[in-house]
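Comments concern the structure below.
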2 protein chains.
Amino acid sequence: MTDATAHDRAAPLDPGMFHPLCPSSAVPFRVGDKWSGMVIRCLQDGPRRFGELRVPLRAVTPKVLSETLRAMERDGLVTRTAYDENPPRVEYALTPLGRTLIPLLDAARTWSETHLPALLAARRAAGRPA
Amino acid sequence: MTDATAHDRAAPLDPGMFHPLCPSSAVPFRVGDKWSGMVIRCLQDGPRRFGELRVPLRAVTPKVLSETLRAMERDGLVTRTAYDENPPRVEYALTPLGRTLIPLLDAARTWSETHLPALLAARRAAGRPA
DNA sequence: AGCGCCGATTCCGTTGCGGTAACCGGGGGT
DNA sequence: ACCCCCGGTTACCGCAACGGAATCGGCGCT
């Protein structure tokens, strides 16, 4: 069964990595579309298939994921490779240009770990001056 | 006339700094709302008045600027100080928390200077495969 | 024949950001 | 009396993003 082919598939994606309650949902940064940043995270350890991306991004519908990937492909951030097999297999991978965004995402994450609690606290304090 | 009071007002804002044709309009990053990043840039050298912010951000209407500033105030990124004078004067300034975002903006700008041309080129190449 | 897999695409509806235009209020100038 | 200044607010609107549900197409399995 283990069709471990030549694809240097990285570890399976953690289904919980982009849980809707994850603070990253509230982060005041965005790279491109709403999901682009998460897609980059999913691809940073190697190519992934469409259905594979849907696991951790289960909040995204196939339509939106498809749109996101197409836009990223247009911008030269990812490559799309379709294998003429059955069932069809399509792999997405980061381009070198796409990889240059990873440090930005790291910086955003670091900022969030450090300062997001303060921001959320301020928002809560201001939200209910009652 | 020079009512140079104790306000350590920085150099006047460059009216052209956020020209609509500026590449920053196409940058695939955003900090908070559409205008938040630019507001931070305007405030990084010292407090500014509402009307003063409108100069370089002449593309933004008072409503949206007001909304942006209010949201940033809620999030603890800027402070709002109203002086009971005539004509009314209101000053906005970055909080320490707001200042922590400046390195992020710097990183985004650096990325853009380095890689944005490649992204735009890819987009152009893909946009017209005719 | 019928079902399922994978990778989408199409139609349709909602939401909300962002934009336009108009107005307000109070003092001061002329 | 009128208008201007400043710093907004309010009402209205359009568009693009986002989302849900359904469908497609080729193939293999049963």
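In what follows, every heavy atom counts, from backbone to side chain, and hydrogens, waters and symmetry copies are set aside. We name chains A, B, ... by the order of the sequence lines, and we start the count at 1 in each one.
The phosphate of D/dA17 (OP1 or OP2) has no side-chain N or O of A/R30 nearer than 4.0 angstrom. Considering only side-chain N and O atoms, B/S66 lies under 4.0 angstrom from the phosphate OP1 or OP2 of D/dT9.
The base of D/dG8 is not paired with the side chain of B/K63 by any donor and acceptor separated by under 3.5 Å.
Here the CG atom belonging to B/L94 is positioned 11.0 Å from the CZ atom belonging to B/R48, to the nearest 0.5 angstrom. The CD atom of B/E67 sits 7.5 Å away from atom OG1 of B/T61, with the distance rounded to the nearest 0.5 Å. The structure places CG of A/L69 at 12.5 Å from CH2 of A/W35, a figure rounded to the nearest 0.5 Å.
Within the 4.0 angstrom heavy-atom criterion, no nucleotide atom of any strand lies near A/R54.
The nearest whole Å value for the distance from the CD atom in A/E52 to the P atom in C/dC5 is 17 Å. Taking atom OH of B/Y92 as the reference point, atom P of D/dG7 lies 8 Å away to the nearest angstrom. One interatomic measurement links the two molecules: CH2 of B/W35 to P of C/dG16, which rounds to 22 Å at whole-angstrom precision. Atom CZ of B/R70 and atom C1' of D/dT9 are 8 Å apart (whole Å). Taking atom CZ on A/R48 and atom P on C/dC6, their separation rounds to 16 Å, with Å as the unit. Between the CZ atom of A/R49 and the P atom of C/dC6 there is a distance of 7 Å, rounded to whole Å. Rounded to whole Å, atom P of C/dC5 lies 21 Å from atom CG of A/D84. In this structure, the CZ atom of A/R89 is 24 Å from the P atom of D/dG25, given to the nearest Å.
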Are A/R30 and B/D33 close enough, and set up right, to give a salt bridge (Lys or Arg N to Asp or Glu O under 4.0 Å), and what steps lead you there?
CA-CA 10 Å; A/R30 274 178 58 187; B/D33 293 342; over 6 Å; no

Taking only N/O atoms, report every protein-nucleotides 22-30 of chain C pair under 3.5 Å with atom names and distance.
unit_1: C/dG27; atom_1: O4'; unit_2: B/N86; atom_2: ND2; d: 2.9

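Taking only side-chain atoms of A/T61, from C-beta outward, the nucleotide of C/dG18, D/dG19, D/dC18 with the closest atom is D/dG19. Side-chain atoms of A/R80 lie closest to C/dG7 of the nucleotides D/dG8, C/dG7, D/dC18.
Contact of the A/Y92 side chain with the A/F50 side chain is registered, since non-hydrogen atoms from C-beta on lie closer than 4.5 Å. Contact check for A/L119 versus A/S112: no side-chain heavy atoms found under the 4.5 Å cut-off. In this structure, B/T100 and A/T114 have side chains that are not in contact, with every pair of non-hydrogen atoms separated by 4.5 Å or more.
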